[in-house]
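So the structure is just underneath, and the comments pick up after that.
These numbers come from a predicted model, not from an experiment. Naming: A, B, ... by sequence-line order, numbering from 1 per chain.
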Number of protein chains: 2
Amino acid sequence: MQLLEERIVRDGVVLGGDILKVDSFLNQQLDVELLDKLGAEFKRLFDGCGVNKILTIEASGIAVACMTARHFGVPVVFAKKSRSKVTGDSVYSVPVMSFTHASVSEVVISREFIGRGDRVLIIDDFLARGNALLGLITLAKDAGAEIVGAGICVEKAYQDGGSIIRKTGVRVESLARIQSMSETDGITFVH
Amino acid sequence: MQLLEERIVRDGVVLGGDILKVDSFLNQQLDVELLDKLGAEFKRLFDGCGVNKILTIEASGIAVACMTARHFGVPVVFAKKSRSKVTGDSVYSVPVMSFTHASVSEVVISREFIGRGDRVLIIDDFLARGNALLGLITLAKDAGAEIVGAGICVEKAYQDGGSIIRKTGVRVESLARIQSMSETDGITFVH
(Lines give C-alpha, C1' and ligand atoms only; values in the text may rest on other atoms or scores of the structure.)
Protein backbone atom coordinates (compact mmCIF):
# COMPACT_ATOMS: atom_id res chain seq x y z
CA MET A 1 0.00 0.00 0.00
CA GLN A 2 1.73 3.06 -1.34
CA LEU A 3 0.35 5.46 1.28
CA LEU A 4 1.82 3.43 4.13
CA GLU A 5 5.15 2.81 2.41
CA GLU A 6 5.55 6.53 1.78
CA ARG A 7 4.77 7.29 5.40
CA ILE A 8 7.29 4.72 6.63
CA VAL A 9 9.97 6.22 4.39
CA ARG A 10 9.11 9.76 5.48
CA ASP A 11 8.66 9.29 9.24
CA GLY A 12 10.11 5.89 10.10
CA VAL A 13 13.52 5.70 11.73
CA VAL A 14 15.77 2.65 11.41
CA LEU A 15 17.73 2.01 14.59
CA GLY A 16 20.46 -0.49 15.36
CA GLY A 17 19.33 -3.92 16.52
CA ASP A 18 16.80 -4.36 13.70
CA ILE A 19 14.38 -1.79 15.06
CA LEU A 20 12.04 0.22 12.85
CA LYS A 21 10.72 3.12 14.88
CA VAL A 22 7.30 4.16 13.57
CA ASP A 23 5.97 5.45 16.84
CA SER A 24 5.18 8.89 15.44
CA PHE A 25 2.14 7.46 13.61
CA LEU A 26 1.59 3.75 14.44
CA ASN A 27 2.97 2.79 17.85
CA GLN A 28 2.74 5.57 20.41
CA GLN A 29 1.46 8.60 18.58
CA LEU A 30 -1.41 7.35 16.45
CA ASP A 31 -2.36 9.03 13.19
CA VAL A 32 -6.01 8.06 13.37
CA GLU A 33 -6.77 9.31 9.88
CA LEU A 34 -4.03 7.08 8.43
CA LEU A 35 -5.17 4.11 10.53
CA ASP A 36 -8.67 4.61 9.20
CA LYS A 37 -7.32 4.28 5.65
CA LEU A 38 -5.42 1.12 6.60
CA GLY A 39 -8.68 -0.21 8.06
CA ALA A 40 -10.50 0.52 4.80
CA GLU A 41 -7.81 -1.39 2.90
CA PHE A 42 -8.18 -4.43 5.20
CA LYS A 43 -11.92 -4.26 4.58
CA ARG A 44 -11.30 -4.27 0.81
CA LEU A 45 -8.91 -7.24 1.09
CA PHE A 46 -11.12 -9.38 3.36
CA ASP A 47 -14.51 -8.22 2.11
CA GLY A 48 -17.04 -11.02 1.67
CA CYS A 49 -15.16 -13.38 4.00
CA GLY A 50 -17.89 -13.28 6.66
CA VAL A 51 -15.68 -11.67 9.32
CA ASN A 52 -17.68 -11.22 12.52
CA LYS A 53 -14.87 -10.34 14.92
CA ILE A 54 -11.49 -8.60 14.82
CA LEU A 55 -8.86 -10.16 17.07
CA THR A 56 -5.71 -8.32 18.15
CA ILE A 57 -3.26 -8.08 21.03
CA GLU A 58 -2.61 -5.17 23.36
CA ALA A 59 -1.38 -2.53 23.16
CA SER A 60 -0.41 -1.15 19.77
CA GLY A 61 -2.66 -3.52 17.82
CA ILE A 62 -5.78 -2.04 19.42
CA ALA A 63 -5.80 1.23 17.48
CA VAL A 64 -5.62 -0.24 13.98
CA ALA A 65 -7.97 -3.06 15.01
CA CYS A 66 -10.60 -0.52 16.08
CA MET A 67 -10.22 1.52 12.91
CA THR A 68 -10.59 -1.71 10.90
CA ALA A 69 -13.58 -2.97 12.89
CA ARG A 70 -15.43 0.24 12.07
CA HIS A 71 -15.33 -0.66 8.38
CA PHE A 72 -16.57 -4.19 9.01
CA GLY A 73 -19.20 -3.16 11.57
CA VAL A 74 -17.99 -5.83 14.01
CA PRO A 75 -16.47 -5.76 17.52
CA VAL A 76 -12.79 -6.02 18.42
CA VAL A 77 -11.49 -8.50 20.96
CA PHE A 78 -7.98 -7.92 22.23
CA ALA A 79 -5.78 -10.49 23.94
CA LYS A 80 -4.13 -9.30 27.14
CA LYS A 81 -0.52 -9.71 28.16
CA SER A 82 -1.40 -10.43 31.78
CA ARG A 83 -4.30 -11.60 33.88
CA SER A 84 -6.06 -9.09 36.11
CA LYS A 85 -8.76 -9.19 38.76
CA VAL A 86 -11.27 -8.60 35.97
CA THR A 87 -10.09 -11.31 33.56
CA GLY A 88 -10.78 -14.20 35.92
CA ASP A 89 -9.73 -17.78 35.25
CA SER A 90 -11.96 -18.68 32.34
CA VAL A 91 -9.42 -17.86 29.65
CA TYR A 92 -7.51 -19.34 26.75
CA SER A 93 -3.82 -18.68 27.26
CA VAL A 94 -0.55 -19.06 25.40
CA PRO A 95 3.04 -17.94 26.13
CA VAL A 96 4.39 -15.35 23.67
CA MET A 97 7.95 -14.05 23.39
CA SER A 98 8.23 -10.30 22.78
CA PHE A 99 11.36 -9.27 20.92
CA THR A 100 10.78 -5.56 21.59
CA HIS A 101 10.45 -6.06 25.33
CA ALA A 102 12.86 -9.02 25.54
CA SER A 103 10.43 -10.98 27.71
CA VAL A 104 7.87 -13.78 27.64
CA SER A 105 4.26 -12.95 28.48
CA GLU A 106 1.32 -15.19 29.11
CA VAL A 107 -1.23 -13.91 26.60
CA VAL A 108 -4.85 -14.49 27.59
CA ILE A 109 -8.30 -14.00 26.20
CA SER A 110 -11.60 -14.55 28.02
CA ARG A 111 -13.46 -17.62 26.78
CA GLU A 112 -16.71 -15.69 26.60
CA PHE A 113 -15.49 -13.44 23.77
CA ILE A 114 -14.36 -15.98 21.20
CA GLY A 115 -15.67 -19.39 20.27
CA ARG A 116 -17.08 -21.83 17.77
CA GLY A 117 -18.94 -20.08 14.96
CA ASP A 118 -16.73 -16.99 15.06
CA ARG A 119 -15.00 -15.97 11.82
CA VAL A 120 -12.00 -14.04 13.03
CA LEU A 121 -9.77 -11.56 11.23
CA ILE A 122 -6.53 -11.05 13.16
CA ILE A 123 -5.11 -7.52 12.93
CA ASP A 124 -1.71 -6.40 14.19
CA ASP A 125 0.72 -3.57 13.58
CA PHE A 126 3.89 -5.63 13.04
CA LEU A 127 4.90 -9.08 11.81
CA ALA A 128 8.54 -10.09 12.17
CA ARG A 129 9.37 -13.42 13.80
CA GLY A 130 5.64 -14.07 14.03
CA ASN A 131 5.48 -14.87 17.74
CA ALA A 132 2.53 -12.63 18.54
CA LEU A 133 0.59 -13.73 15.46
CA LEU A 134 1.25 -17.42 16.12
CA GLY A 135 0.02 -16.85 19.67
CA LEU A 136 -3.21 -15.25 18.44
CA ILE A 137 -3.72 -18.06 15.91
CA THR A 138 -3.29 -20.62 18.71
CA LEU A 139 -5.79 -18.79 20.93
CA ALA A 140 -8.37 -18.57 18.13
CA LYS A 141 -7.94 -22.27 17.21
CA ASP A 142 -8.15 -23.34 20.87
CA ALA A 143 -11.43 -21.43 21.02
CA GLY A 144 -12.77 -23.29 17.99
CA ALA A 145 -13.01 -20.13 15.88
CA GLU A 146 -12.41 -20.03 12.13
CA ILE A 147 -9.44 -17.85 11.13
CA VAL A 148 -10.30 -15.86 8.00
CA GLY A 149 -6.81 -14.41 7.82
CA ALA A 150 -4.39 -11.91 9.26
CA GLY A 151 -4.07 -8.26 8.29
CA ILE A 152 -0.69 -6.77 9.14
CA CYS A 153 0.41 -3.16 8.77
CA VAL A 154 4.17 -3.68 8.51
CA GLU A 155 5.84 -7.02 7.77
CA LYS A 156 9.58 -7.46 8.04
CA ALA A 157 9.60 -9.79 5.03
CA TYR A 158 13.29 -10.61 5.47
CA GLN A 159 12.41 -12.42 8.69
CA ASP A 160 10.70 -15.76 8.64
CA GLY A 161 7.48 -15.12 10.57
CA GLY A 162 5.38 -14.41 7.48
CA SER A 163 6.49 -17.50 5.56
CA ILE A 164 6.09 -19.77 8.60
CA ILE A 165 2.53 -18.60 9.08
CA ARG A 166 1.58 -18.66 5.39
CA LYS A 167 2.83 -22.28 5.27
CA THR A 168 0.27 -23.19 7.94
CA GLY A 169 -2.43 -22.13 5.47
CA VAL A 170 -3.40 -18.86 7.14
CA ARG A 171 -3.89 -16.05 4.63
CA VAL A 172 -1.63 -13.14 5.58
CA GLU A 173 -2.06 -9.72 3.96
CA SER A 174 0.58 -7.13 4.83
CA LEU A 175 0.13 -3.53 3.72
CA ALA A 176 3.87 -2.80 3.67
CA ARG A 177 6.46 -5.56 3.29
CA ILE A 178 10.01 -4.51 4.12
CA GLN A 179 12.66 -6.22 2.01
CA SER A 180 15.61 -4.63 3.75
CA MET A 181 16.38 -1.78 6.08
CA SER A 182 19.51 -0.23 7.49
CA GLU A 183 20.57 2.95 9.22
CA THR A 184 22.73 3.90 6.24
CA ASP A 185 20.86 2.60 3.17
CA GLY A 186 17.29 3.25 4.24
CA ILE A 187 14.28 1.01 3.59
CA THR A 188 13.26 -1.03 0.55
CA PHE A 189 9.95 -2.83 0.07
CA VAL A 190 8.83 -6.09 -1.53
CA HIS A 191 6.49 -5.46 -4.48
CA MET B 1 -25.02 9.73 29.05
CA GLN B 2 -28.09 7.55 28.92
CA LEU B 3 -26.81 5.22 26.21
CA LEU B 4 -23.75 4.27 28.25
CA GLU B 5 -25.66 3.95 31.54
CA GLU B 6 -28.15 1.61 29.90
CA ARG B 7 -25.35 -0.48 28.47
CA ILE B 8 -23.61 -0.72 31.85
CA VAL B 9 -26.85 -1.84 33.47
CA ARG B 10 -27.52 -4.37 30.69
CA ASP B 11 -24.06 -5.88 30.22
CA GLY B 12 -21.97 -4.82 33.21
CA VAL B 13 -21.31 -7.31 35.98
CA VAL B 14 -20.55 -6.24 39.55
CA LEU B 15 -18.04 -8.54 41.23
CA GLY B 16 -16.79 -8.66 44.78
CA GLY B 17 -13.82 -6.44 45.60
CA ASP B 18 -15.35 -3.33 44.03
CA ILE B 19 -14.95 -4.55 40.47
CA LEU B 20 -17.26 -3.52 37.65
CA LYS B 21 -16.74 -5.89 34.75
CA VAL B 22 -17.56 -4.13 31.49
CA ASP B 23 -15.19 -6.13 29.33
CA SER B 24 -17.89 -7.25 26.94
CA PHE B 25 -17.98 -3.76 25.38
CA LEU B 26 -15.31 -1.47 26.86
CA ASN B 27 -12.31 -3.38 28.20
CA GLN B 28 -11.52 -6.52 26.23
CA GLN B 29 -14.27 -6.88 23.69
CA LEU B 30 -14.75 -3.43 22.21
CA ASP B 31 -18.08 -2.31 20.81
CA VAL B 32 -16.58 0.09 18.32
CA GLU B 33 -19.95 1.56 17.33
CA LEU B 34 -20.66 2.43 20.97
CA LEU B 35 -17.16 3.85 21.45
CA ASP B 36 -17.71 6.02 18.38
CA LYS B 37 -20.80 7.50 20.04
CA LEU B 38 -18.86 8.14 23.27
CA GLY B 39 -16.21 9.86 21.14
CA ALA B 40 -18.87 12.07 19.54
CA GLU B 41 -20.10 13.02 23.02
CA PHE B 42 -16.58 13.99 24.16
CA LYS B 43 -16.31 16.10 21.01
CA ARG B 44 -19.57 17.85 21.91
CA LEU B 45 -18.39 18.48 25.48
CA PHE B 46 -14.92 19.79 24.59
CA ASP B 47 -15.75 21.42 21.26
CA GLY B 48 -14.11 24.80 20.75
CA CYS B 49 -11.41 24.15 23.37
CA GLY B 50 -8.62 24.01 20.78
CA VAL B 51 -7.75 20.37 21.46
CA ASN B 52 -4.84 19.33 19.23
CA LYS B 53 -3.95 16.01 20.85
CA ILE B 54 -5.71 13.20 22.71
CA LEU B 55 -3.66 11.66 25.53
CA THR B 56 -4.42 8.27 27.05
CA ILE B 57 -2.72 5.29 28.66
CA GLU B 58 -2.39 1.75 27.37
CA ALA B 59 -4.19 -0.53 26.99
CA SER B 60 -7.93 -0.10 27.36
CA GLY B 61 -7.83 3.68 26.99
CA ILE B 62 -6.53 3.40 23.42
CA ALA B 63 -9.78 2.30 21.81
CA VAL B 64 -12.00 5.09 23.09
CA ALA B 65 -9.16 7.59 22.60
CA CYS B 66 -8.95 6.64 18.90
CA MET B 67 -12.70 6.83 18.42
CA THR B 68 -12.65 10.27 20.08
CA ALA B 69 -9.67 11.54 18.09
CA ARG B 70 -11.53 10.76 14.88
CA HIS B 71 -14.17 13.34 15.81
CA PHE B 72 -11.59 15.98 16.66
CA GLY B 73 -9.37 15.21 13.65
CA VAL B 74 -6.26 15.06 15.87
CA PRO B 75 -3.73 12.33 16.75
CA VAL B 76 -3.71 10.15 19.87
CA VAL B 77 -0.64 9.75 22.05
CA PHE B 78 -0.70 6.90 24.53
CA ALA B 79 1.52 6.58 27.59
CA LYS B 80 3.18 3.20 27.99
CA LYS B 81 3.41 1.10 31.12
CA SER B 82 6.97 0.03 30.42
CA ARG B 83 9.97 1.12 28.42
CA SER B 84 10.97 -0.87 25.36
CA LYS B 85 13.85 -0.90 22.92
CA VAL B 86 11.83 1.51 20.79
CA THR B 87 10.92 4.03 23.48
CA GLY B 88 14.49 5.02 24.27
CA ASP B 89 15.51 7.25 27.16
CA SER B 90 14.06 10.57 26.09
CA VAL B 91 10.82 10.22 28.01
CA TYR B 92 8.71 11.82 30.70
CA SER B 93 7.95 9.25 33.36
CA VAL B 94 5.83 8.86 36.49
CA PRO B 95 5.04 5.90 38.77
CA VAL B 96 1.37 4.82 38.71
CA MET B 97 -0.36 2.32 40.99
CA SER B 98 -2.82 0.00 39.24
CA PHE B 99 -5.63 -1.23 41.46
CA THR B 100 -6.82 -3.80 38.89
CA HIS B 101 -3.38 -5.33 38.51
CA ALA B 102 -2.26 -4.67 42.11
CA SER B 103 1.10 -3.35 40.95
CA VAL B 104 3.05 -0.14 40.36
CA SER B 105 4.17 0.66 36.82
CA GLU B 106 6.53 3.31 35.54
CA VAL B 107 4.39 5.10 32.96
CA VAL B 108 6.35 6.78 30.19
CA ILE B 109 5.75 8.96 27.18
CA SER B 110 8.30 9.99 24.56
CA ARG B 111 9.25 13.64 24.83
CA GLU B 112 8.89 14.11 21.08
CA PHE B 113 5.11 13.55 21.13
CA ILE B 114 4.00 16.09 23.72
CA GLY B 115 5.24 19.51 24.62
CA ARG B 116 4.74 23.24 25.00
CA GLY B 117 1.94 24.53 22.77
CA ASP B 118 -0.05 21.31 22.93
CA ARG B 119 -3.65 21.52 24.13
CA VAL B 120 -4.32 18.07 25.45
CA LEU B 121 -7.59 16.26 26.13
CA ILE B 122 -7.00 13.23 28.34
CA ILE B 123 -9.31 10.28 27.62
CA ASP B 124 -9.62 7.12 29.70
CA ASP B 125 -12.11 4.35 30.25
CA PHE B 126 -12.27 4.41 34.07
CA LEU B 127 -11.78 6.88 36.90
CA ALA B 128 -11.82 5.52 40.45
CA ARG B 129 -8.99 6.41 42.80
CA GLY B 130 -7.59 8.61 40.04
CA ASN B 131 -4.06 7.21 39.97
CA ALA B 132 -3.83 6.77 36.21
CA LEU B 133 -5.40 10.16 35.50
CA LEU B 134 -3.13 11.92 38.00
CA GLY B 135 -0.19 10.23 36.31
CA LEU B 136 -1.26 11.47 32.88
CA ILE B 137 -1.82 14.99 34.24
CA THR B 138 1.69 14.94 35.72
CA LEU B 139 3.20 13.78 32.42
CA ALA B 140 1.36 16.46 30.44
CA LYS B 141 2.36 19.21 32.89
CA ASP B 142 5.98 18.03 32.96
CA ALA B 143 5.91 18.34 29.18
CA GLY B 144 4.65 21.92 29.38
CA ALA B 145 1.35 21.08 27.66
CA GLU B 146 -1.95 22.75 28.47
CA ILE B 147 -4.58 20.35 29.83
CA VAL B 148 -7.97 21.17 28.36
CA GLY B 149 -9.67 18.53 30.48
CA ALA B 150 -10.30 14.84 30.98
CA GLY B 151 -13.03 12.78 29.35
CA ILE B 152 -13.85 9.60 31.25
CA CYS B 153 -16.25 6.85 30.23
CA VAL B 154 -17.08 5.45 33.68
CA GLU B 155 -16.40 7.23 36.96
CA LYS B 156 -16.83 5.50 40.30
CA ALA B 157 -18.17 8.68 41.88
CA TYR B 158 -18.24 7.12 45.34
CA GLN B 159 -14.44 7.01 45.29
CA ASP B 160 -12.39 10.15 45.71
CA GLY B 161 -10.36 10.28 42.48
CA GLY B 162 -12.81 12.56 40.66
CA SER B 163 -13.10 15.10 43.46
CA ILE B 164 -9.33 15.17 44.06
CA ILE B 165 -8.70 15.92 40.40
CA ARG B 166 -11.52 18.46 40.03
CA LYS B 167 -10.08 20.32 43.05
CA THR B 168 -6.80 20.74 41.17
CA GLY B 169 -8.75 22.76 38.59
CA VAL B 170 -8.78 20.15 35.83
CA ARG B 171 -12.19 19.90 34.13
CA VAL B 172 -13.39 16.29 34.31
CA GLU B 173 -16.38 15.11 32.25
CA SER B 174 -17.55 11.57 32.95
CA LEU B 175 -20.19 10.00 30.71
CA ALA B 176 -21.46 7.64 33.42
CA ARG B 177 -21.00 8.40 37.14
CA ILE B 178 -21.67 5.46 39.41
CA GLN B 179 -23.17 6.41 42.75
CA SER B 180 -23.23 2.89 44.17
CA MET B 181 -22.91 -0.68 43.02
CA SER B 182 -23.24 -4.06 44.63
CA GLU B 183 -23.67 -7.67 43.59
CA THR B 184 -27.13 -7.77 45.17
CA ASP B 185 -28.59 -4.28 44.63
CA GLY B 186 -27.17 -3.48 41.19
CA ILE B 187 -25.89 -0.12 39.99
CA THR B 188 -27.15 3.42 40.56
CA PHE B 189 -25.87 6.56 38.86
CA VAL B 190 -25.29 10.19 39.87
CA HIS B 191 -27.52 12.55 37.85
Hey, quick one: are A:V104 and A:V96 part of the same hydrophobic cluster, counting side-chain heavy atoms closer than 4.5 Å, chains of contacts allowed?
-> no
For atom CD of B:E33, is the number of surrounding heavy atoms from other residues, nucleotides or ligands below 6.0 Å larger than 12?
-> no
Mind checking whether A:V172 and A:L121 sit in one hydrophobic cluster, side chains of I, L, V, M, F, W, Y counted as touching below 4.5 Å?
-> no
In terms of heavy-atom proximity below 4.5 Å to chain A, should B:S24 be classed as side chain, backbone, both, or neither?
-> both
Co-membership, hydrophobic cluster, residues A:L139 and A:I165, 4.5 Å side-chain = yes
Report, by ascending residue number, the residues of residues 41-67 of chain A in heavy-atom contact with chain B at a distance under 4.5 Å; give 'none' if the set is empty.
-> A:K53, A:E58, A:A59, A:S60, A:I62, A:A63, A:C66, A:M67
Okay, A:Q28 and chain B: the region with an atom under 4.5 Å from a heavy atom over there is both
A:V22, A:M181: one ILVMFWY side-chain cluster at the under-4.5 Å cut-off?
-> yes
With chain B, the option among A:L34, A:L35, A:V32 that has the most non-hydrogen atom pairs under 4.5 Å is A:V32
Which bit of A:I109 comes within less than 4.5 Å of chain B, counting heavy atoms only: side chain, backbone, both or neither?
-> both
Distance from B:N27 atom CG to A:F78 atom CZ, nearest 0.5 Å?
-> 6.5 Å
Check whether A:V91 and B:L15 end up in the same hydrophobic cluster, where Ile, Leu, Val, Met, Phe, Trp and Tyr are linked by side-chain heavy atoms less than 4.5 Å apart.
-> no
Is there a donor-acceptor pair closer than 3.5 Å between any side-chain N or O of B:Q29 and the backbone N or O of A:V76?
-> no
Scored by heavy-atom pairs under 4.5 Å with chain B, the best of A:V74, A:V77, A:L30 is A:L30
